[in-house]
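Quick caveat, the model's predicted, so the values are computed rather than measured. Each chain gets a letter, A, B and so on, in the order its sequence line appears, and its residues count up from 1.
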Amino acid sequence: DAKTTQPNSMESNEEEPVHLPCNHSTISGTDYIHWYRQLPSQGPEYVIHGLTSNVNNRMASLAIAEDRKSSTLILHRATLRDAAVYYCILRDQGAQKLVFGQGTRLTINP
Amino acid sequence: DTGVSQNPRHKITKRGQNVTFRCDPISEHNRLYWYRQTLGQGPEFLTYFQNEAQLEKSRLLSDRFSAERPKGSFSTLEIQRTEQGDSAMYLCASSWTGGMNTEAFFGQGTRLTVV
């Protein structure tokens, strides 16, 4: 499975945008970029995924570099409820399982 | 639908005992996954089912671990002769094969403590 690299932790302030980076220099052409997050004492929850184009949904935006070797998850206006561990995962189009790394622990300051 | 349900939420057992966890997936989902998560780490894949067929097992799934999904509905994960190293959160997830790269929905997990 192709690897991703994320910062161990990040901190931001409430109501400000947050940009969570992910490097995946060994990404293959058929790998989708998935983001999940895990709130304290909860199972992971899906946030967003994309292949080549930038993606938006009600939770976040995903910006994918042109060479696909990196991506950024954007929370447009962070709330205290966004404090979680965020996982960036590469998933081949034919793969079933998700391979989690250690993720980025995001702290939101009031 | 209340999402993926796991029972029990917590289990404390003595080393050497057998334990069984249950997962009820979202009703229309045909894929079911088990993961294990230790403190400070991301979840690690254990196994997955498509309907009642167990299609992949991780090397992490030793002989003491067995998972079943009779009739392609709920699933059970049994650990025999538990060891202290089995202490972890056991997460179940389900998904549907209807589209490309569909999202997985996770339960809240069963936290196992082996004493």
Side-chain angles (χ1 to χ4, degrees), chain A residues 1-9 20 22 27-53 55 57-60 62 64 71 73 84-106, chain B residues 2-7 9-10 21 23-26 29-51 53-61 67 88-111:
Chain A
D1 299 298
K3 299 275 191 192
T4 63
T5 305
Q6 299 178 253
N8 288 334
S9 62
L20 295 161
C22 181
I27 192 170
S28 74
T30 54
D31 282 335
Y32 282 75
I33 301 159
H34 287 248
W35 284 82
Y36 280 73
R37 72 179 186 180
Q38 189 170 20
L39 281 64
S41 303
Q42 302 288 319
E45 75 173 327
Y46 169 82
V47 178
I48 200 166
H49 78 276
L51 183 61
T52 55
S53 305
V55 185
N57 66 21
R58 63 174 179 82
M59 287 181 72
L62 176 59
I64 301 172
S71 60
L73 179 71
V85 178
Y86 286 78
Y87 297 99
C88 170
I89 300 164
L90 298 184
R91 189 183 188 191
D92 184 83
Q93 64 181 3
Q96 308 312 322
K97 65 190 179 190
L98 295 165
V99 180
F100 291 82
Q102 291 199 301
T104 296
R105 182 172 297 278
L106 177 65
Chain B
T2 55
V4 178
S5 176
Q6 292 190 246
N7 288 288
R9 291 291 310 279
H10 303 273
F21 311 139
C23 172
D24 287 274
I26 292 172
H29 285 182
N30 57 352
R31 287 194 179 139
L32 187 147
Y33 311 79
W34 285 99
Y35 290 81
R36 181 175 72 185
Q37 186 173 28
T38 53
L39 207 59
Q41 303 297 313
E44 298 171 293
F45 170 78
L46 292 178
T47 187
Y48 100 92
F49 293 82
Q50 182 154 318
N51 301 312
Q54 189 173 17
L55 296 186
E56 187 175 349
K57 291 197 291 186
S58 162
R59 287 169 294 176
L60 292 174
L61 213 64
M89 176 74 85
Y90 289 84
L91 293 161
C92 176
S94 68
S95 70
W96 171 241
T97 54
M100 186 71 74
N101 259 257
T102 54
E103 62 188 275
F105 292 80
F106 283 80
Q108 291 190 299
T110 295
R111 181 167 296 284

Closest non-hydrogen atom pair, [X] against [Y]:
{"X": "Gly43(A)", "Y": "Leu91(B)", "answer": "CA-CD2, 3.9 Å"}
{"X": "Gly40(B)", "Y": "Gln102(A)", "answer": "O-NE2, 3.7 Å"}
{"X": "Gln41(B)", "Y": "Tyr87(A)", "answer": "O-OH, 3.9 Å"}

Does any backbone or side-chain atom of Leu98(A) lie under 4.5 Å from a heavy atom of chain B? Answer side chain, backbone, both or neither.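 It is both, since atoms from each part get that close.
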
Between Gln6(B) and chain A, which part of the residue has a heavy atom less than 4.5 Å away: side chain, backbone, both or neither?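 Interface part for Gln6(B): neither.
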
What part of Gln50(B) lies closer than 4.5 angstrom to a heavy atom of chain A: side chain, backbone, both or neither?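 For Gln50(B), no heavy atom lies under 4.5 Å from chain A.
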
Separation of Lys97(A) NZ from Tyr48(B) OH (nearest 0.5 Å):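 Rounded to the nearest 0.5 Å, the OH-NZ separation comes to 10.0 Å.
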
CZ-CD distance between Arg91(A) and Glu103(B), expressed to the nearest 0.5 angstrom: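 The distance works out to 10.0 Å.
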
Most contacts with chain A, counted as non-hydrogen pairs under 4.5 angstrom, among Gly109(B), Gly107(B), Ala104(B):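 Highest number of pairs under 4.5 Å: Ala104(B).
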
Quick check: do Pro44(A) and Tyr35(B) have side-chain heavy atoms less than 4.5 Å from each other?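 With C-beta onward as the side chain, the pair stays apart.
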
